[in-house]
Every structure is written in C-alpha cells, then in structure tokens.
Amino acid sequence: MDDLLGKVALVTGGGSGIGRGAALALAAAGAHVVVADVDRDRAMSVADEASWRGTDCFGITLDVNDPHAYETARDVILRRLGRVDVVMNNVGVVAAGLPEEIPLAEWERVMSTNLLSIVRSNAVFLPLLLEQRSGHVVNTASATGLFQYEYERMPYSVSKAAVIALSEALALYLHPRHVGVTCLCPGPVATNIRQQVTFSGAPVRMHPPVKGMTPADPIAVGEMVVDAIRRDRFLVLTHPELHDLLVERAKDPEGFLAERIRSVEGG
Ligand SMILES: NC(=O)c1ccc[n+]([C@@H]2O[C@H](COP(=O)([O-])OP(=O)(O)OC[C@H]3O[C@@H](n4cnc5c(N)ncnc54)[C@H](O)[C@@H]3O)[C@@H](O)[C@H]2O)c1
C-alpha cells in the first residue's frame, strides 16, 4: 500500500507506547486512525493527539480477550468511516518468573492476549480485506520471538515466536490475494510495558537481547511501521544489532545457543 492518504487504520493497544507511535505516524501519513485500547482514557487521548494531524481519528474501548470485541469494533468503524485498510494487532503482556513457577493460568492469559487476540482479529477483519483485495495487517511480535536470549518470561517469548510464525504463514496466504503483512519485532523500546509485567514466584531479572542496547523511541518505531506498510516489507527490526544476531545464528545455530547459555549464566 504505497499511499496511506484517506485509508482507515485500526491500532490495538494504541493508547500507549508503540501503538501510540504507530497511531500518530499513520495519522501523519494521512490515514484515519481508530485507536483501540482496554484503557478508555488512553485510547481517547491518543485519538485526540492523532486528530491534530487533520484526519478523522477516534478512540474505542476494546479488550483483545473479549471474543465479541472485534465484531463490535468492525461495526463501529464501518459505520463511521466506511472501510478498514490497515489492522495493527499490537497488544502484548508479559508474565515473568522461573519456568517451573509460572502458573498455567498465566500462560493461558499471555497466549490469549498476545497470540489468540490476532486469531480473533483475523476472523473478523480478514474477510473485509480479502473482499476488497487490498489492505495490510501488522502484527507486533518481539525480538524475543526471533531467538531466545533469556528464560525469565517464557510465556511471552513463546507467544511472540508464535506471532512470528503466524505472520509468516499469513503472508503466504494473503500476499497473493493483494493484502500485505508486516511483522514488527522490536528490541527494547521506551514504553510503559514494565507497568503490566506480572511476576510469579522468586524474583527474576530480565535480560536484553544484547547488553547495552539503547531503547528505541516509540514514535520512531511507529514511523518504521508506516514505512513497512508503504514498501510492503514483512520484517521490521528496530535495531540493526538484531539483524546481525540473526545472521550469526544462521551461520552457526549450535554455537549461537551456546553463547546465549554462557550469557544468561554470566548474568
Ligand atoms: N516496549 C518494548 O520494549 C517492546 C519490545 C518488544 C515488543 N514489544 C511489544 O510491543 C507491543 C506494545 O507494547 P508497548 O511496549 O507499547 O507497551 P505499553 O504498555 O506502553 O502499551 C500497551 C497498550 O496496550 C494496552 N492493553 C493491554 N492489555 C490490553 C488488552 N487486553 N486489550 C486492549 N489493550 C490492551 C495497554 O492499556 C497499553 O495502552 C506489545 O505487543 C509488546 O509485547 C514491546
């Protein structure tokens, strides 16, 4: 989709961080943006900010775990804006703890919020995009889904690996049908994500993909998403170091894992 002018975009988890960055960048590119968030005030406030760019933006309350939320959102968007072109599935929550101490209920909550939310979204929005033979789906995964560099938030990293697999398979299906797919894999980004981390059992500290990696600015990440939609690019890595690590792993998977084990052991 080389031109976002007049297009309609939905961003879930749009009330903060990367979702906010994407909502503002999409509006700056000329899109009408629907900011969806479980936190109503955040959704309204970001929609208001996005409107300053001159497009028709509004906020809605949406909990990605609610099985009916996407139908309701679709109906509201179609009534107010008449179409949907971009769907950004961006919500992600983190459960931290040692693998044997994280309860099953936490696994289920994280998998539902991070992965099955996209399945719910697909069921409602893909028929529209397929019917109009145009559109773009953006799924927010994480660097932690690309390769494993820690064990302290396993439900999160496993859900994000699944989001990458789902997005790749979706690209196989949708690309020939004129619908683009982007999978955003951020390294550290300066957002509010730490506020919603839940901890189980003994305290743990979380490792970054690479020591000393500078957190990216969420507005800049939003601009990367817009660029990927315009150029129909699949993988968005927010930090060049992530690309280098993927090349390193492809060259020597055993050695790469051994190095990650040494690195977590060394703290
Ligand atoms: N910040 C990082 O370092 C980082 C790195 C890699 C991936 N990510 C991913 O980026 C995405 C956005 O995270 P962020 O860092 O911007 O976090 P954030 O906490 O700043 O924003 C997340 C937003 O999602 C909303 N939300 C939470 N649960 C929801 C639900 N059930 N339904 C609807 N909205 C809900 C929150 O209210 C919040 O406004 C997540 O998928 C996260 O996993 C973040």
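Counting starts at 1 for both ligands and their atoms, following the listed order.
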Exercise. When you look for protein heavy atoms under 4.0 Å from ligand 1, which residues do they belong to?
Worked result: Gly13, Gly15, Ser16, Gly17, Ile18, Asp37, Val38, Asp39, Arg42, Leu62, Asp63, Val64, Asn65, Asn90, Val91, Gly92, Thr140, Ala141, Ser142, Tyr156, Lys160, Pro186, Gly187, Pro188, Val189, Thr191, Asn192, Ile193

Problem set entry | Under 3.5 Å side-chain donor-acceptor pair for Thr198 and Arg153 | no

Exercise. Among side-chain atoms of Asn192 and Ser16, is any donor-acceptor pair under 3.5 angstrom?
Worked result: yes

Exercise. How about Thr113 and Asn65: does a side-chain donor come under 3.5 Å of a side-chain acceptor?
Worked result: yes

Problem set entry | Evaluation steps, side chain to side chain donor-acceptor pair (under 3.5 Å), between Asn90 and Thr12 | CA-CA 5 Å; Asn90 172 65; Thr12 69; 5.6 Å; no

Exercise. Yes or no on salt bridge (Lys or Arg N to Asp or Glu O under 4.0 Å) for Arg109 and Glu106, after CA distance, side-chain angles and deciding distance?
Worked result: CA-CA 5 Å; Arg109 182 180 68 86; Glu106 279 293 273; 2.9 Å; yes

For this session: Report the C-alpha separation of Arg79 and Asp75 in whole Å, then their side-chain angles, then the decisive distance to 0.1 Å, and conclude whether the salt bridge (Lys or Arg N to Asp or Glu O under 4.0 Å) test is met.
Result: CA-CA 6 Å; Arg79 203 166 50 243; Asp75 295 349; over 6 Å; no

